[in-house]
Engineer: 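Quick one: this structure, given as structure tokens, is what I'll be asking you about.
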Number of protein chains: 2
Amino acid sequence: MADIARLAGVSTSTVSRALNHSGLVNQETRERILELASSLNYSINIGAQNLRLQQNRTVAAVVPLDKSTRQQLSDPFLLSMLGGLADVLSEQGFDILVSRVDADQVDAASAPFDSGRVVGVVLIGQGRHHDQLNRMATRGVPVVVWGAQLPQQLYTTVGGDNVAGGRMATEHLLAHGRRRIAFLGDTGLPEAALRHQGYVEALAAYGLAPDPQLQVAASFLPGSGTDAVHELARRGAAYDGVFACSDLMAMHAIHALRAEGRAVPADVGVVGYDDIELAAYFHPPLTTVRQPRDAAARALVAALLARIDGQPVPSSLLPTELVVRASAA
Amino acid sequence: MADIARLAGVSTSTVSRALNHSGLVNQETRERILELASSLNYSINIGAQNLRLQQNRTVAAVVPLDKSTRQQLSDPFLLSMLGGLADVLSEQGFDILVSRVDADQVDAASAPFDSGRVVGVVLIGQGRHHDQLNRMATRGVPVVVWGAQLPQQLYTTVGGDNVAGGRMATEHLLAHGRRRIAFLGDTGLPEAALRHQGYVEALAAYGLAPDPQLQVAASFLPGSGTDAVHELARRGAAYDGVFACSDLMAMHAIHALRAEGRAVPADVGVVGYDDIELAAYFHPPLTTVRQPRDAAARALVAALLARIDGQPVPSSLLPTELVVRASAA
DNA sequence: GTGAAAGCGCTAACAA
DNA sequence: TTGTTAGCGCTTTCAC
């Protein structure tokens with residue numbers, strides 16, 4: 001900036017004003033400065049500007065990753081959520097800093113906030129971090145989480161209607177004559193727990209009680225769908241339906257079922273969750289519960305900005321929708 | 001920091017030294033300061049520190065996106081590359097700023113560098129941006145690109161061996177008796193062009209010439225695989241093999257073939273590219289060319305750091321590998 | 001072992 | 001319309 005000032009024969013103040021399109025600069029001077037700046041590929045140093053202005057237009061998107069398994073974040077839905085967030089935040093003029101933290105040290109998610117790097121944090125995946133998240137919120141870290149609303153929650157969540165999702169998925173299987181429906185998902189995770197609740201409700205409406213033998217605590221890691229089907233086989237469980245808590249899991253399960261010689265949907269009906277892009281092209285095309293990804297990204301950003309603004313923001317529940325294709329009919 | 005200094009009864013200089021583990025601080029003073037800092041959840045303001053130190057440990061990962069189609073980056077392989085980069089960069093103590101730019105304004109990719117936000121740029125996807133990338137490199141922007149090496153290239157690329165990949169895929173189909181092999185990919189893109197070259201070479205080794213009727217300029221966008229199969233049908237082209245330039249495309253193509261009543265691999269053998277996570281669980285399990293994602297992420301980061309260091313960095317070619325499953329046998 | 005002072009690149013009173 | 005000056009939060013000589 002000093003260089004430009006020198007070359008333009010003005011002070012840095014004038015350059016600053018010109019670059020910020022302040023009206024208080026002579027038309028001609030302004031043009032000279034702008035031309036100079038663009039010919040030098042000069043851009044205002046954002047770090048210095050932020051320091052001076054005490055502002056910041058960067059948000060952290062944090063994905064917890066399971067370091068025990070050194071598992072990359074690989075769930076396509078969560079990954080695409082990251083993409084959706086990036087889009088929405090760009091639109092709003094925010095930059096997005098992506099960081100990955102150990103699932104058991106989610107506190108670390110606030111580091112970029114504490115050090116003034118970002119103005120807020122979006123956590124993609126609530127996991128088992130309720131307490132840590134509450135602690136962060138208490139410390140005043142503006143944090144918004146993709147996940148389920150929990151009692152005594154001090155942070156804001158945005159999530160799909162998991163109970164309804166679980167209910168619709170199960171109802172669909174029941175409506176197609178399935179009576180022994182396996183539930184694949186880790187109810188230790190709030191979202192899966194709620195989907196399970198929907199599952200139980202749907203069963204109850206048919207006068208059925210959930211059979212513990214049919215419940216497998218499959219994680220969201222790839223491969224878990226396969227493992228779950230093996231586990232059911234090991235238990236000798238009889239089932240004609242599967243409700244999986246993610247499409248990835250459902251696809252793996254279908255693959256494993258096929259390996260067992262069981263046809264989908266003829267022998268076993270399968271319903272997934274998320275409606276990832278590939279779901280429609282899988283074989284058989286996957287019946288699944290759609291989560292509103294774009295709306296979610298929008299809601300997460302809106303909530304975060306409001307939080308940053310100091311407003312209390314209620315958690316929100318986005319509608320989910322059953323997409324009927326062929327895997328359960 | 002001033003607060004801590006006051007509370008500890010020392011000057012900010014001392015606080016700074018203590019926080020930076022400078023040996024020149026009294027043991028006891030240091031401890032008092034550190035305790036104070038952690039009890040206040042204080043972290044050094046990185047912006048100010050960077051300004052003062054003239055340093056920066058942030059790298060931009062830029063994904064070009066096709067604004068004409070408003071298409072999100074959705075290719076699972078590229079998305080997972082982003083994940084791999086995030087891992088490697090974290091390991092090295094770098095933060096990662098993700099931005100999306102219009103495919104036709106890739107110049108904008110250097111904005112975070114010009115404004116001092118990042119020390120370098122990794123571009124995930126070379127596309128048709130050769131000239132713009134050369135221009136960026138000429139301006140001195142440290143930029144490293146996932147893509148193919150091109151003549152007169154001033155920037156550094158890291159890429160898989162596309163020619164070998166194309167050759168192996170095609171050879172595999174040929175070895176299984178396929179003679180009319182469709183090529184699905186846009187040869188306007190450097191990587192697809194090289195894969196096509198491998199395809200042609202493999203055909204030539206069998207004394208076959210490529211049939212233009214069998215070449216469809218399918219993009220990397222989702223749905224293009226489906227479109228390509230429709231296009232082949234429209235042309236009335238006869239084929240018994242398909243080499244698709246991405247797994248996503250291959251999966252879509254298989255779906256479309258099935259809709260046409262053609263079995264894979266019985267009627268048509270299909271080979272994909274990338275070896276995304278789902279490839280093994282697709283039906284039929286996808287035979288594909290594996291791209292070394294983790295090695296690629298590592299190489300990209302190493303190249304970028306060397307570039308930032310001012311060293312000239314040669315482009316590199318990573319080995320690809322044919323993963324034989326069931327879709328082409 | 002510690003503090004005072006200067007300066008990283010920028011902006012905004014305030015003065016001219 | 002422009003320049004001077006101070007200061008954002010930090011580190012680091014230099015002096016004590």
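In the text below, chain A, chain B and the rest are named by the order of the sequence lines, each starting its count at 1. Values below: every heavy atom of this structure, side chains too, minus hydrogens, waters and symmetry copies.
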Engineer: Please check if the number of heavy atoms outside A:Gln92 that lie under 6.0 Å from its CD is greater than 12.
Structural biologist: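 Yes, because the 6.0 Å sphere around CD of A:Gln92 holds more than 12 heavy atoms from other groups.
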
Engineer: Test of understanding: with salt bridge (charged side-chain N to carboxylate O under 4.0 Å, His left out), list the residues that count as partners of A:Arg139, not counting sequence neighbours.
Structural biologist: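 Partners of A:Arg139 by the salt bridge (charged side-chain N to carboxylate O under 4.0 Å, His left out) criterion, ordered by chain and then number, come out as A:Asp114.
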
Engineer: Return whichever of B:Ala48 or B:Val25 has its heavy-atom-nearest nucleotide of DNA chain C closer to the 5' end.
Structural biologist: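 Taking each residue's closest nucleotide, the earlier one in sequence belongs to B:Val25.
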
Engineer: To the nearest Å, how far apart are A:Asn56 CG and D:dC8 P?
Structural biologist: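 So the CG-P distance, A:Asn56 to D:dC8, works out to 18 Å.
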
Engineer: Would you call A:Glu91 and B:Arg100 a salt bridge, using N to O less than 4.0 angstrom?
Structural biologist: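 Looking at A:Glu91 and B:Arg100, the cut-off is not met.
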
Engineer: Do the side chain of B:Thr138 and the main chain of B:Asn134 share a donor and acceptor less than 3.5 angstrom apart?
Structural biologist: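 The answer is yes, because a donor-acceptor pair under 3.5 Å joins these two groups.
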
Engineer: Where does the chain A footprint on DNA chain C start and end, counting 5' to 3' with a 4.0 Å heavy-atom cut-off?
Structural biologist: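 Boundary nucleotides touching chain A, in 5' to 3' order, are C:dG9 to C:dA13.
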
Engineer: Would one find more than 12 heavy atoms of other residues, nucleotides or ligands at under 6.0 Å from atom CD of B:Gln311?
Structural biologist: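 Enclosed.
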
Engineer: More than 12 heavy atoms of other residues, nucleotides or ligands under 6.0 Å from CD of A:Glu28: is that the case?
Structural biologist: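 Not more than 12 within 6.0 Å, no.
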
Engineer: Partners of B:Tyr155 by ring-ring contact (aromatic ring centres under 6.0 Å, His included), sequence neighbours excluded?
Structural biologist: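 With neighbours one apart ignored, the set is B:His130.
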
Engineer: To the nearest Å, how far apart are A:Gln55 CD and D:dG9 P?
Structural biologist: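 Whole-Å distance recorded here is 14 Å.
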
Engineer: How sharply is the helix from C:dG1-D:dC16 to C:dA16-D:dT1 bent, taking the axes over five pairs at either end and rounding to 10 degrees?
Structural biologist: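 Comparing the first five pairs with the last five, the axes sit 40° apart.
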
Engineer: Within the 4.5 Å heavy-atom criterion, are B:Trp146 and B:Val158 side-chain neighbours or not?
Structural biologist: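 B:Trp146 reaches B:Val158 side chain to side chain.
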
Engineer: Between B:Ser90 (side chain) and B:Ala86 (backbone), is there a donor-acceptor pair under 3.5 Å?
Structural biologist: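 Answer holds: yes.
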
Engineer: Would one find a side-chain N or O of B:Tyr42 under 4.0 angstrom from OP1 or OP2 of D:dG9?
Structural biologist: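 Checking B:Tyr42 against D:dG9: no side-chain N or O falls below 4.0 Å of OP1 or OP2.
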
Engineer: With sequence neighbours excluded, what pairs up with B:Arg117 under the salt bridge (charged side-chain N to carboxylate O under 4.0 Å, His left out) test?
Structural biologist: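 Expected list: A:Asp95.
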
Engineer: Quick one: what's the B/S/- string for nucleotides 11-16 of chain D, heavy-atom cutoff under 4.0 Å, read 5' to 3'?
Structural biologist: BBB---

